Amino acid sequence: MAIGLHQSDFKNPVVRWIDSRLPVFTMMQKEYGTFPTPRNFNYFWNFGALAMVNLLIMIATGVFLSMHYTAHTAYAFDSVERIMRDVNYGWLLRYVHMNGASMFFIVVYIHIWRGLWYGSYKAPREILWILGVVIFLLMMATAFMGYVLPWGQMSFWGATVITNLFSAIPVFGESIVVWLWGGFSVDNPTLNRFFSLHYLLPFVIVGVVFLHVAALHITGSNNPLGIDPKGPQDTLPFHPYYTIKDSVGLIVYFAFFAFLVFFIPNYLGHPDNYIPANPLVTPAHIVPEWYFLPFYAVLRAVPDKLGGVVLMFGSIAILFILPWLDTSPVRSMRFRPVAKWFLVLWGINFCVLTWVGAKPAEGVYVTIARFATAYYFAYFLVILPLLGRLERPLALPESIAKPVLRGGGPLLAGAAAKPMEKA
Amino acid sequence: MMSRFRNLVGALVLGAAAALSPAPAKAAGAAIAFPDYRFTFDGLFGTFDRGQLQRGFQVYKEVCAACHAMRQLSYRNLLEIGLTEAQVRNIAAQFEVTDGPNDQGEMFQRPARLSDRFRSPFANEQAARAANNGAYPPDLSVMVKARKDGADYVRALLIGYQDPPAGFALMDGMNYNAYFPGHQIAMPNVLNPGQVEFADGTEATVETMARDVTAFLAWAAEPELEQRRAMGVRIILFLIVLGGLTYAVKRKIWADVKH
Ligand code: HEM
């Protein structure tokens, strides 16, 4: 780009003055205004925007919670109760943050499912997908450490169980665990560093989200047909078409969120976390938050500790190489008559893992967890690679506009050719 | 309209939540079923009964407070259960709390004020255990949130004292309770008919005392419950209207796009 003032198209003199020196207005206009977006999105495409809003809500409520929270084993539990009772609308802040974590995972799980169903991970969106998996990992770390902060029984014992997993690492395991704890058990130093990292990681997530979106704006969005837009008749400007469609989804999301916060704020939590942490009393069943249960089930499905840890991390790591495991060139499951059913089964299987993760690791539950774990991996490692060769996909439509315009009708007046005039 | 809205939203959310969450708490061992009592604050729109909360506080003060602390509460919080400021000042003044140091550098005792926390019966956990055969009477501030179906459980626990069934090996100093996990509880049966005298003439049966003190504990655990629900109704109604309007605008904007 040539050096010198940017040629701004904005008329407002103040906006123009700023934009010619720092073209943020031009950038927003390009990336969120006229950005050509496939015209056939369904509501699954709301969930990226929802995740973004959710992240901002977590940061906003988190910053205010931190003003009143005390990261010390002797005060943490009581300070959270102080927030609930004595801070103005503190109960709202805390319940929004607490249920916001669940909402975040609901949204992101649906977002990931969308990617799996419509093949959004395939070329040319591999890096975009990988950045998404990185965000997912960072979210899990953040939520895990956040759950430790109120210092209830599940906070303490969850932290103990999960950090102890690292002791499975050969040779260095024990030293790593001591290093993580900052001592010889989960204690005040652990709580302090978890608070520090819990504050830090969301901002790292913001950074990775930025890259995620940057990558998206290079490749453009995928769509329910999984075929590339062939020209302007296949796309719509992001604004106002998708800003308004995202707004509809956002309000449904807020209503769902509000229902959780205002009517059943503790439904997704565990009552034991209202018992102050006590290193001398182990709860009958230590269960993580619901969003970790599928991975917890994988962990416990394996009789060997190291093996369990490896499989658990493997169950997420495998997503990194998914773009190369799925050898079919067809993205959308709409045109994959066989793979589609295996993916549906994979989705059900994921729910089964969630369910069995909350059950005690004994008897029939272990057997179920093993079969479910096996299918989880088999889908990625065996079924997808094979189907790429064996399956015969349905004929793909010629273009996005074709099936909707039936026989290649005229270019849309207004919509695609001429973006709606903005006020 | 309200109930239809409740059913709709309720079914939607609970359905999704149930699908997503296998209610982890259910995992806990062989859970003992306890009766489902209909409290005034049950359901999505229930509220507290102030008279009941006051009676419940009286039971707590005259019975439970001998062993159980409620350190998250301050005397001023009692204003929220409908007691007048004069009444609450009087209640607080019945308790001596430690303050200081004074300008001589010494701690001193004075009657409690509105701003003081509920006085704990014991100085520390060791003292509490020493007085209770080694068992620790837990703080009751958030007890109702700390047990699954907390209110039903606490009420059941208080009326659950029975003679042990034949052949039940009850340990020394323990009491048989039909609803406590394992049935052996260190807390003795503390409610006996007529134990307290309610000012409003309510008969102090074990049932009513158990019910009322449980309601008080439920309020203590979630004092924001009524405000929360009222706000929730307004916000969700607002979102429904806003959602309808937004959807109409969406339809209008998309009207020229054929799909
Ligand atoms: C990725 C975004 C975030 C996630 C997924 C997340 C998750 C969580 C979770 C699960 C809890 C435990 C809630 C409970 O049971 O009480 C929590 C607590 C907390 N979080 Fe976050 N959090 C996020 C961002 C933040 C940020 C950015 C801050 C600070 C700026 C923050 C500050 C706190 C504080 C102070 C607590 C303790 C108070 C409490 O437990 O309610 N969080 N977080």
Side-chain angles (χ1 to χ4, degrees), chain A residues 39-40 78 81-82 84-85 91-92 95 102 106 109 152 236 240-241 244-245 247-248 251-252 254-256 258-268 270-276 283-285 287-291 293 351 354-360 404-405 409 412-416 420, chain B residues 6 9-10 12-14 16-17 19-29 44-45 71-74 77 138-139 141-150 181 221-225 227-233 235-236 239-240 242-247 249-250 252-254 256-259:
Chain A
R39 46 179 288 158
N40 60 334
D78 286 2
E81 278 303 316
R82 289 290 90 203
M84 297 283 288
R85 290 156 196 271
W91 56 267
L92 183 58
Y95 279 157
S102 284
I106 294 174
Y109 279 138
L236 294 171
Y241 294 99
I244 190 68
K245 196 163 177 175
S247 303
V248 173
I251 288 166
V252 175
F254 278 137
F256 187 95
F259 183 77
L260 283 180
V261 166
F262 292 104
F263 294 100
I264 48 171
N266 292 305
Y267 180 75
L268 293 171
H270 197 294
D272 277 27
N273 228 26
Y274 283 106
I275 305 173
H285 292 289
V287 275
E289 290 279 84
W290 69 265
Y291 37 81
L293 291 173
C351 298
T354 309
W355 166 77
V356 80
K359 299 287 172 194
V404 274
L405 292 181
L412 279 174
M420 212 188 212
Chain B
R6 179 210 332 209
V9 180
L12 210 85
V13 173
L14 288 178
L20 285 158
S21 154
K26 282 207 191 83
L44 294 181
F45 303 105
R71 67 174 194 283
Q72 310 292 354
L73 275 82
S74 304
N77 294 136
D139 187 286
S141 316
V142 290
M143 179 56 73
V144 167
K145 284 197 288 189
R147 297 288 181 277
K148 190 171 181 301
D149 297 327
E222 294 186 284
E224 86 297 342
L225 178 136
Q227 190 197 2
R228 168 157 62 70
R229 289 175 177 174
M231 198 190 236
V233 169
I235 287 188
I236 290 184
L239 285 172
I240 288 173
L242 186 67
L245 292 175
T246 313
Y247 187 65
V249 174
K250 190 251 166 198
K252 177 122 180 53
I253 289 177
W254 279 77
D256 56 352
V257 182
K258 295 205 190 62
H259 356 212

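Since the structure is predicted, the reported quantities are computational estimates derived from the model, not experimental observations. Numbered from 1 within each chain, the chains take letters A, B, ... in sequence-line order.
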Participant: In terms of heavy-atom pairs under 4.5 Å with chain B, which of A:Glu81, A:Arg85, A:Met84 leads?
Facilitator: A:Arg85
Participant: Of all heavy-atom pairs between A:Ile251 and B:Leu239, which one has the smallest distance, and what is that distance?
Facilitator: CG2-O, 3.4 Å
Participant: Which pair of heavy atoms, one from A:Val261 and one from B:Arg228, lies closest together, and at what distance?
Facilitator: O-CD, 3.6 Å
Participant: Walk me through whether B:Ile235 and A:Phe262 qualify under side-chain contact (heavy atoms from CB on, under 4.5 Å).
Facilitator: CA-CA 9 Å; B:Ile235 287 188; A:Phe262 292 104; 3.5 Å; yes
Participant: In the structure I gave you, are the side-chain heavy atoms of B:Arg71 and A:Asp78 within less than 4.5 Å of one another anywhere?
Facilitator: yes
Participant: For A:Arg82, give me all partners under salt bridge (charged side-chain N to carboxylate O under 4.0 Å, His left out), at least two apart in sequence or on another chain.
Facilitator: A:Asp86
Participant: If you measure from CZ on A:Phe254 to CD1 on B:Ile236, what distance do you get to the nearest 0.5 Å?
Facilitator: 13.0 Å
Participant: Working to the nearest 0.5 angstrom, can you tell me the gap between A:Trp91 CH2 and B:Gln227 CD?
Facilitator: 5.0 Å
Participant: Where does B:Leu242 contact chain A at under 4.5 Å (heavy atoms): side chain, backbone, both or neither?
Facilitator: both
Participant: Mind checking side chain to side chain donor-acceptor pair (under 3.5 Å) for B:Arg147 and listing every partner two or more places apart, or none if nothing turns up?
Facilitator: none
Participant: Does any backbone or side-chain atom of B:Ala230 lie under 4.5 Å from a heavy atom of chain A? Answer side chain, backbone, both or neither.
Facilitator: neither
Participant: If I take atom CG from residue A:Leu92 and atom CD from residue B:Glu224, how far apart are they, to the nearest 0.5 angstrom?
Facilitator: 10.0 Å
Participant: Of all the heavy-atom pairs spanning B:Trp254 and A:Tyr241, show the shortest one and how long it is.
Facilitator: NE1-O, 3.0 Å
Participant: Hey, could you give me the CD1/CE distance between A:Ile275 and B:Met143, rounded to the nearest 0.5 Å?
Facilitator: 7.0 Å
Participant: Rounded to the nearest 0.5 Å, what separation is found between the CG atom of A:Leu236 and the CD1 atom of B:Ile253?
Facilitator: 11.5 Å
